[in-house]
2 protein chains.
Amino acid sequence: MVADLLSACGRSDLGGFDGRVIKKMMQFDLTERERTILAVLIDHYVRTAEPVGSRVIATKYDLGVSPATVRNTLSDLEEKGLIEQPHTSAGRIPTETGYRLYVDRLLKSERLSAPEREKIKRALSIDYSAIEDILEQTSRVLARLTSQLGVTITPKFDQAVLNKVDLVQLTDTRVMVIVAVRSGIVRTILIEVDSNIEVERLRQTAEVLNEKLSGLSLGEIRRTIAERLRAEERGDPQVLKLFMEQHEHMLSESSGEELHTEGTINIISQKEFQNPEKLREFLTLLEERHSLIDLLKIKTFANDITVTIGTEANIEGMKGCSAVTRSYQAGQIRGTVGVIGPTRMEYAKLMSLVDYTAKVLSEILSR
Amino acid sequence: MVADLLSACGRSDLGGFDGRVIKKMMQFDLTERERTILAVLIDHYVRTAEPVGSRVIATKYDLGVSPATVRNTLSDLEEKGLIEQPHTSAGRIPTETGYRLYVDRLLKSERLSAPEREKIKRALSIDYSAIEDILEQTSRVLARLTSQLGVTITPKFDQAVLNKVDLVQLTDTRVMVIVAVRSGIVRTILIEVDSNIEVERLRQTAEVLNEKLSGLSLGEIRRTIAERLRAEERGDPQVLKLFMEQHEHMLSESSGEELHTEGTINIISQKEFQNPEKLREFLTLLEERHSLIDLLKIKTFANDITVTIGTEANIEGMKGCSAVTRSYQAGQIRGTVGVIGPTRMEYAKLMSLVDYTAKVLSEILSR
DNA sequence: GTTAGCACTCTAAGCAATAGAGTGCCAACA
DNA sequence: TGTTGGCACTCTATTGCTTAGAGTGCTAAC
């Protein structure tokens, strides 16, 4: 156990910190013992949720030193801001900085067992008719396997490539615009027209739109639609005009980024949420979807697992919570999956789990 | 106040009880005083969340009788199972039966104020591109105005009338089926075909489907699709076959009944959910969407406000909770909106609020 | 039928005492 | 110089006890 931890101290290839954090990190010149004790302390605290004292560290993990020695080291670690005491007669608990260092440098990366991999693969291999279905299932799987909150976000539409536009007359004054992009996602909006439009004319209008726009990304369309349709003389001018007016609404960067969360129950049974104030804060965060969406979107570019600890993302409600996320790929576009839970979480386990789940999901969606 | 309550005692036109409950109800021959005191007690308890004692009833509400007299009446009401004592030295609180009688016979129906009506109308008058958007908004409005959990359920698809089927080739082996029904709702599924299908052939297949099926309700289609398409010789046989196989999935009775909930935070600050066990139970109910859907669906037929108190609906997690719901209309099809909260809720207020909201929603959706 | 009075019950809050956990520091030791 | 045992000190959590207060049920009188 101790040997494992020691051997793991040098690694830093499990990403998740940006430049700013690295710089901060470099200030910590920890001795071998300090690193070992910090790792042991975090491991133990994550399991028990109780402040860890010197005696436990010295006896339960055979470090070969006495509690008194451990006490000295703990004192040093506290001075460096990596651990803290809730009160004088209690043991130590990790600080945010402590967790950050642990995740970046001390963590021993875990490999998922074959049965676990199998379980994830099987759970995600469902018949889905819309991308939302499989994302919902993914949140559920993550929630169940991790006992945390499972989160997914639908892909960012901006880079999606338009496959086909379709216009359907619903009533005399109502036309439905169906926008299908290449990855099998479809969005619809309704536009209100003044008067009934002939079927043939509507068909022709759709044809014009397809001709001019299909194959372009929605982002491109959003930016250049006015130009592209300006000189167009075929099709129904009213519908074209409305389409242009509505495109902002439909194609806007943030639209369609839907958040799925699953496993709220897991969270409320966690010890840190016994405090009603804390719980309230967290549930508020959950219902204020946009800040969560921001959190998940922020690192969609990275193709690696991302760990956001506490208030690192500058989100009020995340105090005391961490997120482990990773982007997935669906054709040309990307979204994010992950889990959120108390800072006191099993980072190694969750990281490998989220990582694998995102990979399986990408695989399925790219088929 | 008291006069109001007395005058309201005779009314029973605010629906919500079925035959079984009426029968039970008839056993209660309450005296005038008993009715007044029960009403006063419930009103007071709803406001304070504290057991109500004889002194409060006798002094705060000028009934013209002494606490001792009230005590006798309370004792009678307890015998009849309408109120109970948490413990000997506490006041009384209403039982489920007590609430039921109150809602059915004692409640003074409230009329929403003009500003409140205006507020609801304005809040619901949003630009929506999908029915889900306005339902989400409706849950939010209900949650905000009632400080309870706002719930909406998308309309029951079965009675929706098919407007148009569209087939879009996404990749070589993937075809998207778009089903649009008359009220502006659209559903999509993906089917996997063996090989690329010519555009013209796909168009023709869609034409066949439209010709044979549009104008029928999805329920009819579900029941008779095999017959209707059996002898068909036009169109792509493989696509037609897959369409028939998938129709069950897509058109099935329960599919597409999506539940929106909003305002979990309102709930957790309620006094009854301070007990973590209770809270846990409720959140479990929230995540196990299907029993909630059942609860909301059950009385979609009634065109009147429905109050479900505690375990009346035989749902485990509803113990200690009540729901006030009403159906809304979107073209030919119907869904449900409402609020859920602790049994200790302001029934009169919530009933008028949900009622009005459902009406406004129906109006908007039927335009 | 109503009411005042009173004994009784139960809860919630405050208080003191106690046990236990863990620390920090000092002096001794290798 | 780093490590260790010992010990006084601090703080928390638990327990038991007491008390104040709220509310009832019952009885006897009106």
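Reminder, nothing fancy here: chain letters follow the sequence lines and each chain counts from 1.
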Original post:
Is the closest side-chain heavy-atom distance between A:E34 and A:L77 below 4.5 Å?
Top reply: yes
**OP:** For A:A90, answer base if it contacts any base atom (sugar-phosphate contacts may also be present), sugar-phosphate if it contacts only those atoms, and nothing otherwise; contact means non-hydrogen atoms under 4.0 Å.
**Re:** sugar-phosphate
Original post:
Nucleotide range of DNA chain D contacted by chain A, 5' to 3', under 4.0 Å to a heavy atom?
Top reply: D:dT3 to D:dT12
Original post:
So does A:R92 get a side-chain nitrogen or oxygen closer than 4.0 Å to the phosphate oxygens (OP1/OP2) of C:dG24?
Top reply: yes
**OP:** Answer yes when B:R344 and B:E50 have at least one side-chain N-carboxylate O distance shorter than 4.0 Å, and no when they do not.
**Re:** no
Subject >> A:E346 bridged to A:R47 by N-O distance under 4.0 Å >> reply: no
Original post:
Can you check the A:D76 CG to C:dT23 C1' distance for me, whole Å?
Top reply: 14 Å
Original post:
Tell me: CG of B:N72 to P of C:dG1, nearest whole Å?
Top reply: 11 Å
Original post:
Does a side-chain N-to-carboxylate-O contact under 4.0 Å join B:R100 and B:E312?
Top reply: yes
Original post:
In terms of the nearest nucleotide of DNA chain C, which residue is placed more toward the 5' end: B:H87 or B:V65?
Top reply: B:V65
Original post:
Looking at B:E78 and B:R92, does any basic side-chain N land under 4.0 Å from a carboxylate oxygen?
Top reply: yes
Original post:
Hey, is the side chain of A:R55 poking within less than 4.0 Å of OP1 or OP2 on C:dT23, counting only N and O atoms?
Top reply: no
Subject >> Minimum side-chain heavy-atom gap A:E287-B:T264 below 4.5 Å >> reply: yes
Subject >> Short N-O contact, B:E262 and B:R140, less than 4.0 angstrom >> reply: yes
Subject >> Gap between atoms CD and P, on B:E50 and C:dT11 respectively (whole Å) >> reply: 15 Å
Original post:
When only distance counts, do a donor and an acceptor, one from the side chain of B:R71 and one from the base of C:dG5, lie under 3.5 Å apart?
Top reply: yes
Original post:
With no angle test and no hydrogens, is the base of C:dC10 tied to the side chain of B:T88 by a donor-acceptor pair under 3.5 Å?
Top reply: no
Original post:
Where the side chain of A:S89 is concerned, which of C:dT2, C:dT3, C:dG20 is the nearest nucleotide?
Top reply: C:dG20
**OP:** Give the ring-plane orientation class for A:Y61 versus A:H44, where under 30° counts as parallel, over 60° as perpendicular and anything between as tilted.
**Re:** perpendicular
**OP:** Using a 3.5 Å limit on both pairing distances, list the dot-bracket string of DNA chain C from the 5' end; Watson-Crick and G-U wobble pairs count, crossing pairs take [ ], interstrand pairs take |.
**Re:** ||||||||||||||||||||||||||||||
Original post:
Do A:E116 and A:S113 get their side chains close enough for a donor-acceptor pair, meaning under 3.5 Å?
Top reply: yes
